[in-house]
Amino acid sequence: MTTIKLHNTKTRKREEFVPIDPENVRMYVCGPTVYDRAHLGNARPVIVFDVLYRLLRHVYGPDHVTYVRNFTDVDDKINARAAESGRSIGEITAETTQWFLDDMAAVGALEPDHMPRATAYVPQMVKMIEGLIAKRHAYAAKGHVLFAVESYKEYGALSGRSIDDMIAGARVEVGPYKRNPMDFVLWKPSDAKTPGWKSPWGRGRPGWHIECSAMSYELLGDHFDIHGGGNDLMFPHHENEIAQSCCAHPGSGFANVWMHNEMLQVEGKKMSKSLGNFFTVRDLLDQGVPGEVIRFVMLSTHYRKPMDWTEKKREDAEKTLRKIAQLFGEPALSKPWPSRPSVSPPQEFVDALANDLNTSLALSLIKKYLKNHQESELAASLRLLGFYPDALVDKFAGVRMDTFDNEHVSGASVELRGEAGLGMNVHTLQNFVSRLQKVREEAIQTKNFTQLDQLKAALTAAGVEVRMSKTGVDLKPTAGFDPAKLESLL
Ligand code: AMP
Ligand code: ZN
């Protein structure tokens, strides 16, 4: 059996992974707060833990892994979004949840086994808070309930901070009702306009941290294997989850392994709206970047290192995936079709992933199998990593490598990228290449160029530069490219 090793934030060591129950390996990953589109950074933990989920399923069997990822659908950012847009909270969270699921499916992430919404678990949260008050780990004050950090001597162990360091370093909300400035909210009062639930402390709503403690307890029990999320969640969110869960269920242990992915940057800079380098997963998909390319680039950097999203990496990923699609697009009759690989992934490939998810090594093995034309090994490895050979053929084989370059397209091919190419539908443009070629042949034969001129004029009006030469037809979208106009010509 494969030995999986994972870096555990709690012990700061890479450890052999020994499941509590190999029949049911359990993992919880903190999910999104649903008020807007997922940005590119949000996709990183989803893809990283999706690879881990796939690896665990491969090693322990698909029916022996339980993966939970929540949706935080009660939050002040959601309330603010509802107030500014005039839409209802339910409408916003339902719409954003579906966006998230669609966007993450596009980058090849499997849906977790459970995707609990916080608002469906409020009674469980209230019960847990009552238990914490009864054990004197929490206290009610002015409609709030606070966790008393000094009641838990391990507080700060995950992130390696003392309570004094935390007070000095953190921007803590000082409230007159707090005994210690680090005490954090388990429950807070809601006014008539804010969502609220009845509770022993009046009408109110849960704090963010208690959600994950209550949902993980409900769905995975008081002791489970892996807890994950981005490293921005380590403090205070995960520290607080540990305090709540361990105090509510003394001696249980909560999560054995804590895993944190590093942050994503864009071209060496923090992604931010003011720098103009902030984009959502949907922005990229709409610009014609296939989800597989996003996934490939994400996996090219180890999850514990900061990841830099660059145009160069995107191009390289696209080239590699295109080559793979080409190889699979023309399978010899004697070879198995890639979607049904006859072999398991090579052990060296599984071992790369099992070594604390060394996805960059896994991708270099993929490139090796590609170079050596080891189709079965390639197909099986790709599938374990969440790439489906058939989908690659569908998405990437349509454009021929020999005619593909960054500048423009010739013959049967079209430009895929560049400012002007964003959002374009490659297949639509390809249709026009074939149509132009056909109309031109007819025009040459009939000596009637009216139809050809009309088609060229319509393409130009849609912002597509048309170049015709003896060797073929080149279409190049310009800055004024308007895909809608192009579609209307179909
Ligand atoms: P949020 O909705 O902000 O709570 O984030 C959802 C998930 O995305 C959390 O696991 C965060 O740690 C993660 N995340 C947020 N920003 C980034 C980023 N720039 N790079 C990687 N992960 C991120
Ligand atoms: Zn959480």
Side-chain angles (χ1 to χ4, degrees), residues 9 27-52 67-78 80-81 92-93 96-97 99-101 103-104 107 109 112 114-118 121 125 128 158-159 184 186 206-220 224 226-245 254-255 258-273 275 277-281 284 294-295 297-299 301-309:
T9 310
M27 169 161 86
Y28 186 96
V29 174
C30 294
T33 303
V34 277
Y35 65 101
D36 211 343
R37 282 271 182 202
H39 62 64
L40 194 57
N42 297 138
R44 192 172 193 201
V46 173
I47 294 173
V48 163
F49 291 103
D50 179 65
V51 170
L52 179 55
Y67 175 21
V68 179
R69 187 186 62 216
N70 69 294
F71 284 109
T72 294
D73 62 347
V74 47
D75 184 275
D76 290 347
K77 285 187 273 238
I78 304 173
R81 181 58 53 96
I92 292 173
T93 56
T96 323
T97 299
W99 283 347
F100 183 85
L101 292 174
D103 296 351
M104 296 310 131
V107 297
H114 301 279
M115 296 189 283
R117 289 178 301 114
Y121 289 79
M125 296 176 207
M128 192 177 251
L158 178 73
S159 50
F184 58 87
L186 300 173
W208 170 35
H209 317 298
I210 194 75
E211 295 175 7
C212 289
S213 285
M215 290 186 282
S216 62
Y217 176 65
E218 191 70 17
L219 294 163
L220 298 177
F224 56 92
I226 299 168
H227 193 312
N231 68 353
D232 57 329
L233 301 186
M234 199 189 302
F235 177 81
H237 184 54
H238 290 164
E239 205 73 76
N240 294 355
E241 275 190 48
I242 293 175
Q244 296 160 161
S245 295
F254 195 31
W258 283 84
M259 292 178 69
H260 293 97
N261 64 273
E262 254 289 354
M263 294 291 103
L264 174 133
Q265 303 179 321
V266 174
E267 305 284 352
K269 297 198 183 93
K270 187 174 181 226
M271 189 164 57
S272 87
K273 286 193 174 138
L275 290 174
N277 65 355
F278 178 96
F279 36 92
T280 65
V281 174
L284 281 180
I294 300 175
R295 188 175 181 92
V297 174
M298 290 278 185
L299 297 179
T301 302
H302 188 256
Y303 76 93
R304 294 186 57 233
K305 292 193 184 135
M307 131 118 236
D308 196 17
W309 176 275

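Both counts, for ligands and for their atoms, begin at 1 and track the order of listing.
- When the shell of 6.0 Å around CZ of Arg117 is examined, it contains 12 or fewer heavy atoms from other residues, nucleotides or ligands.
- Of all protein heavy atoms, the one closest to atom 12 (O) of ligand 1 is Asp232 OD1, 2.4 Å.
- No donor-acceptor pair closer than 3.5 Å links the side chain of Asn70 to the backbone N or O of Pro116.
- In this pair, Phe184 and His209 present their aromatic rings perpendicular. The plane angle is above 60°, beyond the 30 to 60° band.
- Neither the backbone nor the side chain of Asn231 has any atom closer than 4.0 Å to an atom of ligand 1 (non-hydrogen atoms only).
- Remark: of the listed residues Leu52, Leu220, Val29, Leu52 is the sole one forming a side chain to side chain contact (heavy atoms under 4.5 Å, CB included) with Ile226.
- For a threshold of 3.5 Å applied to N or O pairs, the pair formed by Pro45 and ligand 1 contains no separation below that value.
- Using bins of under 30°, 30° to 60° and over 60° for the plane-to-plane angle, the ring pair His238/Trp258 lands in the tilted bin.
- Near Asn261, meaning under 4.0 Å from one of its heavy atoms, ligand 1 places the atoms 21 (C), 22 (N).
- Side-chain contact, Gln265 with Asp308: no donor N or O sits under 3.5 Å from an acceptor N or O.
- Its N, O or S atom nearest to the Zn ion (ligand 2) is what matters here, and for His237 that atom is NE2.
- Among the atoms of Arg44, none of the N or O lies under 3.5 angstrom from an N or O of ligand 1.
- Residue-ligand proximity, Pro32 to ligand 1, at heavy-atom distances under 4.0 Å covers atoms 2 (O).
- Protein heavy atom closest to atom 9 (C) of ligand 1, with residue, atom name and distance, is Leu233 CD1, 3.7 Å.
- In the displayed structure, Tyr35 atom OH is contacted under 6.0 Å by at most 12 heavy atoms of other residues, nucleotides or ligands.
- Side-chain atoms of Asn261 do not come within 3.5 Å of backbone N or O of Tyr303 as any donor-acceptor pair.
- Of all protein heavy atoms, the one lying nearest to atom 10 (O) of ligand 1 is Gly230 N, 3.1 Å.
- Not a single N/O/S atom of His238, whether from backbone or side chain, sits less than 2.8 Å from the Zn ion (ligand 2).
- Between Phe278 and His39, the two ring planes are perpendicular [angle over 60°; tilted spans 30° to 60°].
- Asp50 and Tyr67 share no donor-acceptor pair across their side chains, judged by distance under 3.5 Å alone.
- When non-hydrogen atoms are compared, ligand 1 lies under 4.0 Å from the backbone of Leu264 as well as from its side chain.
- The Zn ion (ligand 2) has an N, O or S atom of Glu241 closer than 2.8 Å.
- Protein heavy atom closest to atom 18 (C) of ligand 1, with residue, atom name and distance, is Met263 SD, 3.4 Å.
- Residue Asn42 touches ligand 1 through backbone and side chain together, judged by heavy-atom distances below 4.0 Å.
- Of all the heavy atoms of His39, the ones lying under 4.0 Å from any atom of ligand 1 belong exclusively to the side chain.
- Taking each of Val46, Val29, Thr33, Leu40 in turn, the one with a heavy atom nearest to atom 4 (O) of ligand 1 proves to be Thr33.
- Against a heavy-atom cut-off of under 4.0 Å, Glu262 is close to the following atoms of ligand 1: 21 (C).
- For atom 22 (N) of ligand 1, the closest non-hydrogen atom of the protein is Gly41 O, 3.1 Å.
- Side-chain N or O atoms of Asn231 include none that pairs as donor or acceptor with a backbone N or O of Glu262 at under 3.5 Å.
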